[in-house]
Amino acid sequence: MIEARGLARTFRGQGGTVEAVRGVDLDVQAGEIVGFLGTNGAGKTTTLRMLTTLLAPTGGSATVAGADLIREPGAVRRRIGYVAQSTGAHPDFTVFEELLTQGRLYRMRPAEARRRAVEASRRLDLQELHGRQVRSLSGGQRRRLDVALGLVHGPPLIFLDEPSTGLDPQSRRTLWDLVARLRAESGTTIFLTTHYLQEADALCDRILVMDRGRIVAAGTPEELKQRLSGDVITVALVREDPAAHAAIRALPGVSHVTRDDRTLRLTAGNGAQVLFAVIRALGDAGVAVQGVQIERPTLDDVFHALTGQPREGGADHDRTVDRSQAQGVRDGVRL
Ligand SMILES: Nc1ncnc2c1ncn2[C@@H]1O[C@H](COP(=O)(O)OP(=O)(O)OP(=O)(O)O)[C@@H](O)[C@H]1O
């Protein structure tokens, strides 16, 4: 359904050159739900905007829903649905008017537009909201309308850009269920970007991880977790201590050390074997330890290992998160 080779995009401006996407190869099969994960600025949205014809690539090629991205952008647009992070639904329109208008934008006859609007509404459980003005919808209802708008013309492939950012946990789960049902009922291929590891884990057949413009890993959520073999050791410190990180990062058998206020996390092939060395090294460096825990890795750890980015909220991270993303940090695990 999607086949991209060497897809690239460079932005040139007064501030210099940004290689946002540096030669991405990707394949998505019909009927798959594929999640695109990555840190802020990794290049996910730029890739999505290229695949949806909104942005011209500066290199590479792709076939999307059977049409050539460069030579047949019109055909690509007719065959895909794209749900951006913020959509232009008219606040004064009712839900059903908005769905009907979408069909008319695709030049459907009135009867066809109505039939498709009813169908898209059913798929996203919007029937009860037909008479409501868009401005009165909750965040979750609005997002469901956004997805329904992307479906009105019956595309076999739909792109969702961070579909559940800013939603509360219950609305997020409802959206996941509806997206999963959409694929089950109609076989729609779904390609989404997300910051929520839980979302990727719960919804996606496959995950692609992007970092600094490149895809650095691809696989099922389970495959990615298995790739990070070994254990995760969490060390709680009595107080924040800059010496702690340096004391253990060079120990044999220890990798991916992160610091987050008074917590150190590290991966080790065999947690039990390195535990003593870790505690002794911290003691030698004069670092006071409050407690230690050994766990199996989570998807969150996998992403840290792949991207080298500290866990969200870590003392040494320098990324900014907007308010909706910060909300996500409280609501669930976020990359
Ligand atoms: N129009 C533009 N002009 C210049 N640089 C841009 C432009 N659009 C994106 N970039 C840069 O390209 C890089 C990738 O951005 P992109 O929005 O694709 O990342 P992302 O993975 O979607 O990030 P996020 O998760 O924060 O949305 C960033 O460094 C960004 O600043």
Side-chain angles (χ1 to χ4, degrees), residues 2 4 6-26 28 34-60 62 64 69 73 80 82-87 139 143 146 150 158-167 172 175 190-201 203-204 206-218 224 299-300 302-314 317-335:
I2 305 176
L7 207 59
R9 174 71 204 204
T10 302
F11 293 105
R12 290 197 171 78
Q14 287 179 338
T17 298
V18 180
E19 286 188 70
V21 178
R22 304 165 186 241
V24 159
D25 294 345
L26 59 90
V28 176
V34 174
F36 215 9
L37 278 166
T39 48
N40 286 127
K44 304 179 296 294
T45 298
T46 303
T47 305
L48 210 67
R49 296 188 71 222
M50 287 195 282
L51 292 173
T52 52
T53 76
L54 295 172
L55 189 67
T58 45
V64 178
L69 187 64
I80 64 168
Y82 175 54
V83 181
Q85 284 181 33
S86 57
T87 59
R143 244 9 224 154
D146 291 340
I158 183 158
F159 292 88
L160 308 175
D161 197 3
E162 296 192 21
S164 64
T165 292
L167 298 188
R172 186 173 302 149
L175 190 70
I190 295 154
F191 190 89
L192 60 99
T193 67
T194 181
H195 278 288
Y196 298 109
L197 300 171
Q198 269 182 338
E199 180 164 81
D201 214 350
L203 192 57
C204 297
R206 267 191 321 125
I207 297 175
L208 309 174
V209 185
M210 194 159 196
D211 186 38
R212 286 164 254 195
R214 292 202 168 86
I215 292 180
V216 293
L224 292 181
L299 205 48
D300 201 19
V302 176
F303 284 101
H304 170 254
L306 287 167
T307 65
Q309 289 289 326
R311 290 156 63 81
E312 191 58 67
H317 87 93
D318 61 2
R319 287 171 291 151
T320 55
V321 285
D322 65 28
R323 193 173 303 175
S324 57
Q325 288 170 338
Q327 174 75 32
V329 176
R330 289 194 295 277
D331 293 339
V333 184
R334 178 180 174 278
L335 174 60

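The basis for the numbers below is simple: all heavy atoms, side chains too, and nothing from hydrogens, waters or symmetry mates. In listed order, ligands and their atoms are each counted from 1.
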Participant: Measuring from R22:CZ to R214:CZ, what's the distance to the nearest 0.5 Å?
Facilitator: 5.5 Å

Participant: Heavy atoms only: which of D161, N40, L48, T193 lies closest to atom 26 (O) of ligand 1?
Facilitator: N40

Participant: Would A42 count as a polar contact of ligand 1, with the cut-off being nitrogen or oxygen pairs under 3.5 Å?
Facilitator: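 Right, the criterion is met.
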
Participant: Could you tell me if any non-hydrogen atom of H195 lies under 4.0 Å from any atom of ligand 1?
Facilitator: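 The answer is yes: ligand 1 sits under 4.0 Å from a heavy atom of H195.
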
Participant: Answer yes or no: does an N/O atom from Q85 fall short of 3.5 Å to an N/O atom of ligand 1?
Facilitator: no

Participant: Return yes or no for this condition: an N or O of V18 is under 3.5 Å from an N or O of ligand 1.
Facilitator: no

Participant: What residues, two or more places apart in sequence or in another chain, satisfy side-chain hydrogen bond (donor to acceptor under 3.5 Å, both in side chains) together with T52?
Facilitator: none

Participant: Tell me whether F11 has any N or O atom under 3.5 angstrom from an N or O of ligand 1.
Facilitator: no

Participant: Are the side chain of T193 and the backbone of E162 linked by a donor-acceptor contact shorter than 3.5 Å?
Facilitator: yes

Participant: Would you please say whether a donor-acceptor pair under 3.5 Å links the side chains of E199 and S164?
Facilitator: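 Yes, S164 and E199 have a side-chain donor paired with an acceptor closer than 3.5 Å.
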
Participant: With sequence neighbours left out, write down each residue that passes side chain to side chain contact (heavy atoms under 4.5 Å, CB included) with R49, or none if nothing qualifies.
Facilitator: T45, L54, L55, Y82

Participant: Taking only heavy atoms of E162, which atoms of ligand 1 are found under 4.0 Å from at least one of them?
Facilitator: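 Those of ligand 1 that fall under 4.0 Å from E162 are 25 (O), 27 (O).
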
Participant: Answer yes or no: is there a donor N or O on one side and an acceptor on the other, between the side chain of T58 and the main chain of T10, under 3.5 Å?
Facilitator: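 Side chain of T58 to backbone of T10, a donor-acceptor pair under 3.5 Å: yes, one is there.
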
Participant: Polar-atom distance check: T47 versus ligand 1, any N or O pair below 3.5 Å?
Facilitator: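 Between T47 and ligand 1, no N or O pair is found under 3.5 Å apart.
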
Participant: Nearest heavy-atom pair of A200 and I207: which atoms, and what distance?
Facilitator: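 Nearest heavy atoms, A200 then I207: CB-CD1, 3.7 Å.
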
Participant: Check if G38 has a non-hydrogen atom at a distance under 4.0 Å from any atom of ligand 1.
Facilitator: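 The answer is no, since G38 has no heavy atom less than 4.0 Å from ligand 1.
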
Participant: Take every heavy atom of R49, measure it against each atom of ligand 1, and state whether any distance is under 4.0 Å.
Facilitator: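 Not so, R49 does not reach ligand 1.
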
Participant: Can any side-chain N or O of R9 pair as donor or acceptor with the backbone N or O of G59 at less than 3.5 Å?
Facilitator: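 Looks like no, no N/O pair under 3.5 Å.
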
Participant: If you count the atoms of ligand 1 from 1 in the order shown, which ones are under 4.0 Å from a heavy atom of T39?
Facilitator: 21 (O)

Participant: Taking only heavy atoms of K44, which atoms of ligand 1 are found under 4.0 Å from at least one of them?
Facilitator: 18 (O), 19 (O), 20 (P), 21 (O), 22 (O), 23 (O), 24 (P), 25 (O)

